[in-house]
Amino acid sequence: MNRHAGSERNLTLVMDLYELTMSYNYFKQGNKDQLVYFDMFYRKNPDNGGFAVFAGLQQLIECIKNLHFSEGDIEYLRSLQKFDEDFLDYLSDFKFTGSIYAMKEGTPVFPNEPLITVKAKFIEAQIIETMLLVTVNHQSLIATKAHRVVQEAKGRPVMEFGARRAQGYDSATYGARAAYIGGVAGTATVSAGEMFDIPVVGTMAHSFVQSFDSEYEAFKAYALTYPDDCVLLVDTYDTLKSGVPNAIEIAKEVLEPMGKKLKGIRLDSGDISYLSKRARAMLDVAGLTYVSISASNSLDEYLIRSLLNQGAQLDSFGVGENLIVSKSSPVFGGVYKLVAIEKNGQIIPKIKISENTEKITNPGYKRVYRLFENETGKAMADLIAFYDEEIDCTKDLTIYHQSDIWKFKTIEANTYTVEELQVPIFEDGKFVYQELSVKEIRDYSMKEKARLWDEIFRLEFPHNYYVDLTKSLLDFKIKMLEEKRK
């Protein structure tokens, strides 16, 4: 039985069952209102890149605002026979009353630094875990992949074409949003255009050309319908013997007499580099130097780079499946870890220990700073500190590796500035963040990426950006590890 048929969509139950079984235990043990602190971070950049692009914050905000258990939700949970009526009554009146601090959406981010910090009652912090991770992990993954693709296009527009290969309706729509934040110029997904005011693009498929008695007739019909925005798909039959010649005829015989110009042609199969060069020569000989050439067909950042290195005559790209699912690196490994518990007004740090050094967490309630060189304005490192630690730029600053304690760097006084990366999103349940449009987030992301060194952008073996600890945090971490070892 569909308990929500015809009702407003509620995402509260998008959670792992153990969020509820743990919460029920907290409820029964009487510590449901104890304040706790969780960090959301990730451990490895997708595609072994130099950084990631933080995305999905706006959708997380909407989920938190709408966080409640409907009558249908409670009915379903009752049917599981795992919870008593007191707990179900508690959930019936549930709402988020905690605080959330996060980096601004679009910020370039690095492994092992808190992207989001949640300060809330135990059950509230626990219940939002899956929702938070699925939202941020998905969109950060796609925004990061989009950045890589756009980077290799070297200023040529990239269009997102991936809806039909996305893993579900939401993945298509929100993936297009994330791709736009990552730098694409537009999307073929109309729902994303409607919801987020992203430019939408699209012309024709091969089936349109096939539906006419001839390729010429198909092109003519399209040109008469869209004389101001006519882009023709030229590879349905034979690109060089049929498609491009017919496109040239349409430009000369149909559009020019109307005072219009053919906008472009699209290549979707074959040897794209070779075909683009031949097509460019044919168009130029015909006096159509203004006609652009776009390419699609299973493109990614590496193929785009290769095409341009071969001298392919391409002006834009349509990228689908490899972008919308980040095919080469399909998981963004964000995690959500308890870092502190508050008792009697005192914040008590917590740490997770593992035989894998990279899985040992940084304990305590923290803040993240980005350090910039005064001389160049470029970011040199991110610094994780206890929440009550302030950085004085008039003093020398020594920063320390998160696990290799013999690795450290001292930055001279008055040669650097700092910016705190996390900002308040919710404070004691109240929404306090200034929301931005998707275009504003995209523009902000581009501006912040421009403050990184070029070496971080390499696809292979990018510069390893420092995410270090203050001396106080490192010493406390080592102390906790030694105590646990004993």
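Because only heavy atoms are used, hydrogens play no part in the values below, and waters and symmetry mates are left out as well, while side chains stay in.
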### Query
Got a salt bridge between Arg367 and Glu420, using NZ or NE/NH1/NH2 to carboxylate O under 4.0 Å?
yes
### Query
Between Ser403 and Thr357, does a side-chain hydrogen bond (donor to acceptor under 3.5 Å, both in side chains) hold up when you go through it step by step?
CA-CA 7 Å; Ser403 58; Thr357 304; 5.7 Å; no
### Message
More than 12 heavy atoms of other residues, nucleotides or ligands under 6.0 Å from CG of Asp213: yes or no?
### Response
no
### Message
Looking at every non-hydrogen atom in both residues, tell me the closest pair between Gly202 and Tyr222 and how far apart they are.
### Response
O-OH, 4.0 Å
### Message
Counting neighbours of CD on Glu256 that are heavy atoms of other residues, nucleotides or ligands and sit closer than 6.0 Å, is the number greater than 12?
### Response
yes
### Side chain to side chain, Asp300 and Leu323, heavy atoms closer than 4.5 Å
no
### Query
Do the numbers put Lys261 on top of the ring of Tyr290, so that NZ or CZ is under 6.0 Å from the six-membered ring centre and no more than 45° off the axis?
yes
### Message
Is there a side-chain hydrogen bond (donor to acceptor under 3.5 Å, both in side chains) between His138 and Asp170? Walk through the geometry before answering.
### Response
CA-CA 10 Å; His138 173 240; Asp170 283 351; over 6 Å; no
### Task
Could you tell me whether Lys447 and Asp443 make a salt bridge, using a distance below 4.0 angstrom between a side-chain N and a carboxylate O?
no
### Task
Decide if atom CG of Asn464 counts as having more than 12 heavy atoms of other residues, nucleotides or ligands within a radius under 6.0 Å.
no
### Message
Does Arg156 qualify as a cation-pi partner of Phe317, given the criterion of NZ or CZ under 6.0 Å from the six-membered ring centre and within 45 degrees of its axis?
### Response
no
### Query
Between Leu383 and Ile399, which heavy-atom pair has the shortest distance, and what is it?
CD1-CG2, 3.4 Å
### Message
With a 3.5 Å distance limit and no angle check, can you tell me whether Glu253 reaches the backbone of Ile250 through a side-chain donor-acceptor pair?
### Response
no
### Query
Is any NZ, NE, NH1 or NH2 atom of the basic residue among Asp39 and Lys337 found under 4.0 Å from an Asp or Glu carboxylate oxygen of the other?
no
### SB check Lys65 Glu435 (cutoff 4.0 Å)
yes
#### Entry: Heavy atoms of other groups near Tyr169 OH, more than 12 under 6.0 Å
no
### Query
Are Phe69 and Ile127 close enough that some pair of their side-chain heavy atoms sits under 4.5 Å apart?
yes
### Query
Would you call Glu460 and Arg305 a salt bridge, using N to O less than 4.0 angstrom?
yes
### Message
Which heavy atom of Leu307 sits nearest to which heavy atom of Ser273, and what is that distance?
### Response
CD2-N, 3.7 Å
### Query
Can you say whether the rings of Tyr174 and Phe196 are parallel (under 30°), tilted (30 to 60°) or perpendicular (over 60°)?
tilted
### Task
Look at the side chain of Ser296 and the backbone N and O of Asp268, then say whether any donor-acceptor pair between them is shorter than 3.5 Å.
no
### Message
Heavy-atom count check: over 12 atoms from other residues, nucleotides or ligands less than 6.0 Å from Lys359 NZ?
### Response
no
### Query
With Asp238, which residues qualify under side chain to side chain donor-acceptor pair (under 3.5 Å), at least two apart?
none
### Message
Once rounded to the nearest 0.5 Å, what's the spacing between atom CD1 of Ile265 and atom CD1 of Ile293?
### Response
4.5 Å
### Of Lys145, Arg148, Glu301, the residue whose pairing with Ser328 passes side chain to side chain donor-acceptor pair (under 3.5 Å)
Lys145
### Summary
All heavy atoms of Ser445 vs all of Gly106, minimum pair found to be OG-O, 2.7 Å
### Query
Okay, side chain of Ser276, backbone of Gln313: is any donor-acceptor separation there less than 3.5 Å?
yes
### Summary
Here the pair of heavy atoms bringing Gly49 nearest to Pro462 is C-CG, 3.5 Å
### Message
Has Thr361 got a side-chain atom pairing as donor or acceptor with Lys352's backbone, closer than 3.5 angstrom?
### Response
yes
### Query
In terms of the angle between their ring planes, are Phe51 and His147 parallel, tilted or perpendicular, with boundaries placed at 30° and 60°?
tilted
### Task
Report yes or no: does Glu160 contribute a side-chain atom to a donor-acceptor pair with the main-chain N or O of Val184 at less than 3.5 Å?
no
### Task
In sequence, state the C-alpha distance, the side-chain angles, and the governing distance for Glu105 and Arg177, and then conclude on salt bridge (Lys or Arg N to Asp or Glu O under 4.0 Å).
CA-CA 12 Å; Glu105 193 166 12; Arg177 176 188 186 273; 2.7 Å; yes
### Query
Could you give the distance from OG1 (Thr97) to CD (Glu124), rounded to the nearest 0.5 Å?
3.0 Å
### Query
Is the distance between the ring centroids of Tyr216 and Phe212 under 6.0 Å?
no
### Summary
What one should report as the nearest heavy-atom pair of Gly98 and Ala120 is CA-CB, 3.9 Å
### Side-chain donor-acceptor pair present, Gln310, Ser306, cut-off under 3.5 Å
yes
### Task
Decide, yes or no, whether a salt bridge links Lys260 with Asp228 under the criterion of side-chain N to carboxylate O below 4.0 Å.
yes
### Task
Name the orientation class of the two ring planes belonging to Phe332 and Tyr42 (parallel below 30°, tilted from 30 to 60°, perpendicular beyond 60°).
tilted
### Task
Assess whether atom CZ of Phe457 is packed by more than 12 heavy atoms of other residues, nucleotides or ligands within 6.0 Å.
yes
### Query
Asn362 pairs by side chain to side chain contact (heavy atoms under 4.5 Å, CB included) with which of Val467, Val339, Ile384?
Ile384
### Task
Measure up the Tyr433 and Phe431 rings against each other and bin them: parallel (under 30°), tilted (30 to 60°), perpendicular (over 60°).
perpendicular
### Task
Taking atom NZ of Lys378 as the centre, report whether more than 12 heavy atoms of other residues, nucleotides or ligands fall under 6.0 Å from it.
yes
### Task
Could you go through the side-chain contact (heavy atoms from CB on, under 4.5 Å) check for Glu373 and Thr417 one step at a time?
CA-CA 7 Å; Glu373 291 182 351; Thr417 55; over 6 Å; no
### Task
Go through Lys430 and Glu427 one step at a time and tell me if the salt bridge (Lys or Arg N to Asp or Glu O under 4.0 Å) criterion holds.
CA-CA 5 Å; Lys430 182 181 179 181; Glu427 289 189 323; over 6 Å; no
### Message
Can you confirm whether Lys277 is buried at NZ, in the sense that more than 12 heavy atoms of other residues, nucleotides or ligands lie under 6.0 Å from that atom?
### Response
yes
### Message
Could you measure the distance from the CG atom of Asp382 to the CG atom of Asp468? Nearest 0.5 Å is fine.
### Response
9.5 Å
## Note on the structure
dist Arg442:CZ -> Ile198:CD1 (nearest 0.5 Å) comes out at 9.5 Å
### Task
Answer yes when Glu419 and Arg451 have at least one side-chain N-carboxylate O distance shorter than 4.0 Å, and no when they do not.
yes
